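This report concerns only the one structure given below.
Just so it is clear, the structure is predicted and the values come from calculations on it, not from any experiment. Hydrogens, waters and symmetry mates are skipped; everything else that's a heavy atom, side chains included, is used.
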Amino acid sequence: MRTTPNDPNDPTARMLHGHNWRSDELQRLARERLVSQSNKSEDMIPKTAVIYTRVSTKEKDGESLDYQIDRAMKYAERNKITVVDILKEGGKSAFHNRLEDRPQGAILHHMLFKSKEINTVIFLDVSRMFRNVGDASDFTIKLQEANLNVHEVSTGAELDLSDPVQWLGWITRATYAHFDSMMKQARAKDENKRRIKTGRAHTS
């Protein structure tokens with residue numbers, strides 16, 4: 001949280017209250033000092049995170065829960081982030097199930113926005129969290145309102161979702177994940193139609 005010095009003996013505080021303004025240069029220096037103090041105080045806030053992992057059905061190389069956890073833990077260690085829990089979402093589609101409607105996603109949502117016991121989430125890439133662009137957009141708005149960011153391991157850095165360029169990249173990746181799921185659904189329907197014609201359709 002950013003604070004303004006209020007010590008009457010603090011020259012910066014006196015200047016910001018309209019006292020002893022001698023030049024525009026003094027005002028500029030005073031404000032630069034405030035920004036520096038604010039940045040230092042924000043940097044001192046420890047990052048506490050949950051690692052979120054998800055597989056929809058059958059695990060594949062590069063997508064297994066263990067692989068995601070290993071990559072995320074190494075990322076957290078490099079960036080000195082304290083991991084308080086690891087959430088393993090198995091057998092849940094992110095295309096058909098919103099984050100809040102998945103068992104582990106609901107826990108994540110609660111820890112971020114309700115109990116507020118964590119201030120970030122680490123995951124391999126956007127497709128592990130979202131394959132529905134509407135769900136991703138709603139979650140992003142909540143993050144912005146709470147002044148929280150996320151760590152996408154595949155990008156190698158924390159995403160500042162208040163930055164228009166980073167926000168656009170994030171939503172674009174979520175949109176592509178949504179598109180990819182739609183294409184898989186379309187291919188599955190086409191395959192089933194072909195099976196019906198040949199008498200080998202899955203009727204379940």
Side-chain angles (χ1 to χ4, degrees), residues 47-73 75-76 81-155 158-163 166-192 202-204:
K47 290 189 181 300
T48 54
V50 156
I51 291 174
Y52 180 83
T53 62
R54 183 191 66 82
V55 290
S56 54
T57 50
K58 188 177 180 180
E59 292 187 359
K60 300 177 183 179
D61 291 340
E63 295 180 3
S64 71
L65 294 176
D66 288 342
Y67 174 81
Q68 294 176 49
I69 292 169
D70 181 64
R71 289 281 306 276
M73 285 299 296
Y75 176 91
I81 300 173
T82 301
V83 175
V84 299
D85 204 352
I86 297 173
L87 303 178
K88 303 176 184 179
E89 197 86 80
K92 283 294 179 179
S93 165
F95 183 65
H96 296 292
N97 300 281
R98 292 174 62 86
L99 181 67
E100 298 171 57
D101 297 330
R102 302 172 223 154
Q104 301 303 308
I107 293 172
L108 171 63
H109 194 274
H110 179 85
M111 295 177 77
L112 270 175
F113 304 119
K114 294 182 179 179
S115 66
K116 298 182 179 180
E117 55 199 285
I118 60 172
N119 54 28
T120 194
V121 54
I122 304 172
F123 47 92
L124 184 62
D125 61 63
V126 67
S127 67
R128 297 304 91 205
M129 290 277 286
F130 304 108
R131 281 189 171 271
N132 183 301
V133 70
D135 190 16
S137 180
D138 290 345
F139 183 76
T140 302
I141 290 172
K142 291 177 182 177
L143 287 172
Q144 290 172 330
E145 290 175 345
N147 196 30
L148 298 173
N149 294 320
V150 295
H151 290 259
E152 189 178 7
V153 176
S154 61
T155 66
E158 179 178 17
L159 299 178
D160 180 359
L161 296 174
S162 66
D163 180 285
Q166 293 190 47
W167 173 88
L168 178 61
W170 164 254
I171 293 298
T172 299
R173 291 192 296 278
T175 301
Y176 180 79
H178 188 132
F179 170 78
D180 183 59
S181 290
M182 290 183 68
M183 290 297 294
K184 289 178 180 177
Q185 296 283 320
R187 286 194 293 268
K189 287 181 180 179
D190 290 342
E191 175 63 16
N192 202 44
H202 293 289
T203 58
S204 60

Answer whether the closest heavy-atom distance between the side chains of [X] and [Y] falls below 4.5 Å.
{"X": "K184", "Y": "F95", "value": "no"}
{"X": "I86", "Y": "M73", "value": "yes"}
{"X": "R128", "Y": "D125", "value": "yes"}
{"X": "W167", "Y": "L159", "value": "no"}
{"X": "K142", "Y": "L112", "value": "no"}
{"X": "Y75", "Y": "F123", "value": "no"}
{"X": "P103", "Y": "K92", "value": "yes"}
{"X": "L108", "Y": "Q104", "value": "no"}

Kindly say whether [Y] contributes a backbone atom to a donor-acceptor pair with the side chain of [X] at under 3.5 angstrom?
{"X": "T175", "Y": "I171", "value": "yes"}
{"X": "T82", "Y": "T48", "value": "no"}
{"X": "T53", "Y": "L87", "value": "yes"}
{"X": "E152", "Y": "V126", "value": "yes"}
{"X": "R173", "Y": "S127", "value": "no"}
{"X": "N97", "Y": "S93", "value": "yes"}
{"X": "E89", "Y": "Y52", "value": "no"}
{"X": "R71", "Y": "Y67", "value": "no"}

Hey, what do you get for [atom1] ([X]) to [atom2] ([Y]), rounding to the nearest 0.5 Å?
{"X": "D85", "Y": "I107", "atom1": "CG", "atom2": "CD1", "value": "7.5 Å"}
{"X": "K189", "Y": "E191", "atom1": "NZ", "atom2": "CD", "value": "14.5 Å"}
{"X": "F179", "Y": "R131", "atom1": "CZ", "atom2": "CZ", "value": "12.0 Å"}

* **Residue list, salt bridge (charged side-chain N to carboxylate O under 4.0 Å, His left out) with K88, at least two apart or on another chain** => none
Give the minimum heavy-atom separation between [X] and [Y], together with the two atoms involved.
{"X": "R102", "Y": "A94", "answer": "NH2-CB, 3.5 Å"}
{"X": "I81", "Y": "A49", "answer": "CG2-CB, 3.6 Å"}
{"X": "L124", "Y": "Q68", "answer": "CD2-CG, 3.9 Å"}
{"X": "V83", "Y": "A76", "answer": "CG2-CB, 3.6 Å"}
{"X": "A72", "Y": "V153", "answer": "CA-CG2, 4.0 Å"}
{"X": "W170", "Y": "A136", "answer": "NE1-O, 4.4 Å"}

* **Stepwise side-chain contact (heavy atoms from CB on, under 4.5 Å) test for L148 and N119** => CA-CA 6 Å; L148 298 173; N119 54 28; 4.0 Å; yes
* To do: For side-chain contact (heavy atoms from CB on, under 4.5 Å), just list the numbers for R98 and D138, CA-CA rounded to whole Å, side-chain angles, deciding distance to a tenth of an Å, and then say yes or no.
  => CA-CA 10 Å; R98 292 174 62 86; D138 290 345; 3.0 Å; yes
* To do: Could I get the full list of side-chain contact (heavy atoms from CB on, under 4.5 Å) partners for N149, not counting sequence neighbours?
  =>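 N149 satisfies side-chain contact (heavy atoms from CB on, under 4.5 Å) with E158, D160, L161 once adjacent residues are dropped.
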* Asked: When the ring planes of F130 and F139 are compared, do they come out parallel, tilted or perpendicular, using 30° and 60° as the limits?
  -> tilted
